[in-house]
Amino acid sequence: MTADIIADLVIHGGTIVSPDAEYKASIAIKDGSILAIGEQGAMPQAKETLDATGLHILPGAIDVHVHFRDPGYAQKEDFASGTAAAAFGGVTTVFDMPNTLPAISDAKSLAEKHAIARAKAHIDYGLYAVLGEDSLPNIHALIEGGVIGFKCYMGNTFGRIPSPTTGAMLELFEIVAPTGKRISLHAETNSIMERREARLRQMGRTDPLAHLAARPAVVATEAVARAAILAEWTGARIHILHISSAAELRPLAEAKARGVDITGETCPQYLVLSADDYEERRGVIRVNPPVREAENQNPIWQALVDGTIDMIATDHAPHSIEEKTREDIWTVDCGFPGVETQMPLMLTEVARRKASISDYVRWSAENPAKCWGLFPKKGALMVGSDADIAIVDTNRTWTVDDNLTQSTAKISPWHGMEATALPIHTIVRGRFAMKDRQLQENARGWGRSVHAIQAMPTPDVRHVDQTMAAVTSQTATNKGSVAA
Ligand code: NCD
Ligand code: ZN
């Protein structure tokens, strides 16, 4: 280290957590990147120092599943409040879902959302585009406009984006496969749950448990298996969002064993809430896929531990108090916030289940970065990585209070829950987004899209001679008529 290098910030005294180890070291940051990690005496001079004694230093969490509602439903959340909530949760990058208004399914809507996000975001982000019949002609324009990936709604949910038929899905997978972009799936089969919901409504069921009755785990399991088959056939990369049941783990594990590029996430709600909570929490815990029977929790946790499930995301889905407390369960909006409480609640769960903070870092940062080609710029505390850092007190007992959150949504199932960890500072590319539990106002507008970082390996495309495009091309048609 030459004496004349002056770092912007040096953090002393903390315990750095990597996916393999925890160790005491200082960390120096310059121009938004990590410049050095080592003993305090080996650090360069710095313009600013931070004492992190007693705290853990984690790579900022990457939450690959949030709904920040902007544009279109800013009364529920916008990019400023959503990214402020993320900063308070130790999250430094989010991937925002496309079921906004308008939905993100063409270059124009994407460009508009990019402008909104760039102006308001406190932390970094990627933007998803819809993968459906409407966006089919726009896939390449969307990629050029800068997307982190595509979201395919196999089941209807908030925003009423129609789910593509299996035929359309195959064609969409064929188009996306050669681009290497990952397709994230809301894997719930529409026809099964619509049929059951209609019958339950006819019977007059309006109670919270009717929501679960309409969507048993087979709804998700069938969708995971079907998506995996289409991915295997085309070579498209896929990601299973919000794994909620033990039953989904078999098709997921089997597809991985067959070499399908398939990854999976689960969310805190499937680990800490259960069907036993409907009576008390009613519509507040209504979410798609539903919170299920308690016996699903341990297998889902085990799947995280053994790597079948790759990561933790939140499906942060804010709605108003009125929208969450309606009497008739079918009229309650689905989803609830989570980006702000994921890290505290999951570190609490890690401590309770005797996993390690290193495991948590693998699930919250390293694996999300790897699955979308952001690693090691994101998701790692290494020399040269972006200085995206969560500095956490893992020894702080506190109680979640919806009224004190950054999110506009002041209602969640987390209200009143006790956590044993709390992010104290959050740094995004070298700049504090949150410091001492205070939002740093100059961080607004600092967030940037991460789509250009992507370094995905070359995709392994299959059956190119049998795609819709191949069999309907002029040459294929001519060949057919000659043979006939
Ligand atoms: C999400 C929302 O509100 O946008 N709701 C939910 O219940 N999960 C949509 C989604 O992720 O499917
Ligand atoms: Zn979803």
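Note that ligands are numbered from 1 as they come in the structure, with each ligand's atoms numbered from 1 the same way. Remember, it's a predicted structure, so these values are computed and weren't measured experimentally. All heavy atoms count here, side chains included; hydrogens, waters and symmetry mates do not.
Looking at atom 7 (O) of ligand 1, its nearest protein heavy atom turns out to be Asn288 N, 2.9 Å. Distance from atom 3 (O) of ligand 1 to its nearest protein heavy atom, with residue and atom name: Arg69 NH2, 2.8 Å. Ranking the protein heavy atoms by distance from atom 5 (N) of ligand 1 puts Cys334 O, 3.2 Å first. Nearest protein neighbour of atom 9 (C) of ligand 1, counting heavy atoms only, is Thr157 OG1, 3.3 Å.
For Arg286, the heavy-atom gap to ligand 1 stays at 4.0 angstrom or more.
Listed by number with element, the atoms of ligand 1 under 4.0 Å from a non-hydrogen atom of His319 are 3 (O). Heavy-atom contacts of His186 reach the following atoms of ligand 1: 10 (C), 12 (O) (cutoff under 4.0 Å). Counting the atoms of ligand 1 from 1 in the order shown, those under 4.0 Å from a heavy atom of Phe158 are 2 (C), 3 (O), 4 (O). Close approach of ligand 1 to Val287 is summarised as follows: ligand atoms under 4.0 Å from at least one heavy atom of the residue are 7 (O), 8 (N).
Note that CD1 of Ile427 is 4.5 Å distant from CD1 of Ile389, once rounded to the nearest 0.5 Å. Note: Thr308 OG1 to Ile300 CD1 = 12.0 Å, rounded to the nearest 0.5 Å.
Under 3.5 Å, the side chains of Ser245 and Asn296 contain no donor-acceptor pair of N or O atoms. When only modelled atom types and interatomic distance are considered, Thr405 and Asp402 share no side-chain donor-acceptor pair under 3.5 Å. The closest side-chain donor-acceptor pair between His122 and Arg431, if any, does not fall under 3.5 angstrom.
Across every non-hydrogen atom of Ile148 and Lys181, the tightest pair is O-CD, 4.1 Å.
For ligand 1, the polar-atom distance check against Tyr153 finds no nitrogen or oxygen pair separated by under 3.5 Å. Any N or O atom pair closer than 3.5 Å counts here, and Ala317 shares no such pair with ligand 1.
Counting just the N/O/S atoms of His186, the one with the shortest distance to the Zn ion (ligand 2) is named ND1.
A distance below 6.0 Å separates the ring centres of Trp372 and Phe95.
Counting only distance, with no hydrogens or angles, the side chain of Asp63 and the backbone of Thr314 share a donor-acceptor pair below 3.5 Å.
Using a 4.0 Å cut-off between heavy atoms, Met97 makes no contact with ligand 1 at all.
Distances from atom 1 (C) of ligand 1 to the heavy atoms of Glu323, Glu188, His67, Lys151 show the closest one on His67. Closest heavy-atom approach to atom 8 (N) of ligand 1 within the set Asp315, Thr100, Asp333, Val66: this belongs to Asp315.
The Zn ion (ligand 2) has no N, O or S atom of His65 under 2.8 Å away, backbone or side chain.
A salt bridge links Asp124 and Arg429; the closest N-O separation between the charged side-chain nitrogens and carboxylate oxygens is under 4.0 Å.
When each of His67, Lys113, Lys151 is tested with Asp96 by the rule side chain to side chain donor-acceptor pair (under 3.5 Å), just one qualifies, namely Lys113.
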